[in-house]
Q: 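One structure coming up, written as structure tokens, with questions to follow.
Because the structure is a prediction, the values reported are computed rather than measured. Any value given below was found using the heavy atoms of this structure, including those in side chains, with hydrogens, waters and symmetry copies removed.
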Amino acid sequence: QVQLVESGGGLVQAGGSLRLSCAASGGTFSLYTMGWFRQAPEKEREFVAAIRWNGRNTFYADSVKGRFTISTDNAKNTVYLQMNSLKPEDTALYYCAASTVLSFGPSSYYYWGQGTQVTVSK
């Protein structure tokens, strides 16, 4: 049973940084694409970033490109999302997810974590 557990969310001022972690267990993650998604109140869940577990291919939404970095630590089975230059519009519940295909759509991700809240104040 694949399990994903996010951590690292919190309250930060605009311009600040946070690093989210996603600890993965119960699967052969070298076969997976790992993604970060976010959902703000009354908005649809949106793609943020994705990475193939080998770490060689990374993908970002235009809204976070140049500010966020996704990475993996294979030894720890952990995926990270380093978020710099945070903006109030980055405020959302952030989810880690796993897919067996390379995709940017949430419907392609079968496994999801419980989410971690990121709040960016002005």
Side-chain angles (χ1 to χ4, degrees):
Q1 181 73 15
V2 173
Q3 288 191 319
L4 305 174
V5 180
E6 303 100 331
S7 60
L11 173 64
V12 65
Q13 288 187 330
S17 298
L18 283 174
R19 188 176 79 158
L20 306 184
S21 299
C22 172
S25 62
T28 306
F29 293 101
S30 60
L31 303 177
Y32 285 81
T33 297
M34 302 300 296
W36 285 98
F37 292 80
R38 66 187 182 186
Q39 189 166 17
E42 300 182 358
K43 291 189 176 181
E44 292 187 354
R45 192 168 297 187
E46 65 174 0
F47 169 76
V48 175
I51 188 169
R52 297 292 286 180
W53 199 263
N54 61 18
R56 296 194 188 111
N57 305 102
T58 57
F59 308 88
Y60 298 94
D62 288 342
S63 58
V64 307
K65 204 171 291 184
R67 300 188 297 122
F68 291 11
T69 303
I70 188 171
S71 62
T72 60
D73 183 331
N74 292 353
K76 296 181 179 180
N77 269 4
T78 300
V79 182
Y80 301 100
L81 185 69
Q82 177 66 44
M83 305 186 296
N84 299 328
S85 302
L86 282 161
K87 304 174 181 180
E89 52 263 44
D90 293 319
T91 295
L93 189 60
Y94 282 71
Y95 295 92
C96 173
S99 173
T100 56
V101 299
L102 177 61
S103 173
F104 308 143
S107 61
S108 298
Y109 286 76
Y110 189 76
Y111 301 105
W112 291 84
Q114 81 289 351
T116 185
Q117 178 68 38
V118 171
T119 303
V120 184
S121 62
K122 296 180 182 178

Q: F47: which residues meet the ring-ring contact (aromatic ring centres under 6.0 Å, His included) condition with it, sequence neighbours left out?
A: F37, F104
Q: Closest approach of E6 and C96, non-hydrogen atoms and distance?
A: OE2-N, 2.7 Å
Q: Taking atom CE of M34 and atom OH of Y111, what is their separation to the nearest 0.5 Å?
A: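 It comes to 11.0 Å.
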Q: Report yes if some heavy atom in the side chain of F68 is under 4.5 Å from a heavy atom in the side chain of L86; otherwise report no.
A: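 With C-beta onward as the side chain, the pair touches.
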Q: Checking F59 against L102 for the side chain to side chain contact (heavy atoms under 4.5 Å, CB included) test, could you report, in this order, the C-alpha distance in whole Å, the side-chain angles of both residues, the deciding distance, and whether it holds?
A: CA-CA 10 Å; F59 308 88; L102 177 61; 3.5 Å; yes
Q: Can you see which heavy atom on L18 is nearest to which on G8, and at what distance?
A: CD2-O, 3.9 Å
Q: Within a reach of under 6.0 Å around CD of Q13, are more than 12 heavy atoms found that belong to other residues, nucleotides or ligands?
A: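 Count not over threshold, so no.
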Q: Check whether any side-chain heavy atom of T33 lies under 4.5 Å from a side-chain heavy atom of Y109, and answer yes or no.
A: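 In contact.
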Q: When rounded to the nearest 0.5 angstrom, what distance separates OH in Y80 from CG in D73?
A: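 Here the interatomic distance stands at 4.5 Å.
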Q: In terms of hydrophobic clusters joined by side-chain contacts under 4.5 Å, are V48 and V12 together?
A: yes
Q: Search all heavy atoms of S71 against all heavy atoms of I51 and return the closest pair with its distance.
A: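 Distance-wise, the nearest heavy atoms are CA-CD1, 3.8 Å.
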Q: Please report the interatomic distance CD1(I70) to CD(Q82), rounded to the nearest 0.5 Å.
A: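 Between atom CD1 of I70 and atom CD of Q82 there are 12.0 Å.
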Q: Which pair of non-hydrogen atoms, one from S99 and one from S108, has the smallest distance, and what is that distance?
A: OG-O, 2.8 Å
Q: CZ of R52 to OH of Y32: how many Å apart, nearest 0.5 Å?
A: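 It comes to 11.5 Å.
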Q: Where is the tightest heavy-atom contact between A92 and A40, given as atom of each residue plus distance?
A: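 Here A92 and A40 meet closest at CB-N, 3.9 Å.
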Q: How close do A97 and L4 get, heavy atom to heavy atom, and via which atoms?
A: CA-CD1, 3.7 Å
Q: When you measure from the side chain of T78 to the backbone N and O of A23, does any donor-acceptor pair fall under 3.5 Å?
A: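 No, because the side chain of T78 does not come within donor-acceptor range (under 3.5 Å) of the backbone of A23.
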Q: If the condition is salt bridge (charged side-chain N to carboxylate O under 4.0 Å, His left out), which residues does R38 pass it with, not counting sequence neighbours?
A: E46, D90
Q: Can M83 and W36 be said to form a side chain to side chain contact (heavy atoms under 4.5 Å, CB included), step by step?
A: CA-CA 12 Å; M83 305 186 296; W36 285 98; over 6 Å; no
Q: Given 3.5 Å as the limit, does a donor-acceptor pair link the side chain of S103 with the main chain of V101, or not?
A: no
Q: Please answer: with hydrophobic residues joined when any side-chain heavy atoms are less than 4.5 Å apart, are L20 and Y95 in the same cluster?
A: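 No, because L20 and Y95 fall into different hydrophobic clusters, even though each may have its own neighbours under 4.5 Å.
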Q: Given the rule that I, L, V, M, F, W and Y join up when any side-chain heavy atoms are under 4.5 Å apart, are Y110 and V2 in one cluster?
A: yes
Q: Is the backbone of N74 close enough, under 3.5 Å, to the side chain of T72 for a donor and an acceptor to pair up by distance?
A: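 Not confirmed, T72 side chain does not pair with N74 backbone.
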Q: So, R67 side chain and S85 main chain: donor-acceptor pair closer than 3.5 Å or not?
A: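 Looks like yes, one N/O pair under 3.5 Å.
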Q: To the nearest 0.5 Å, tell me how far T91 OG1 sits from Q117 CD.
A: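 Result: 7.5 Å between the selected atoms.
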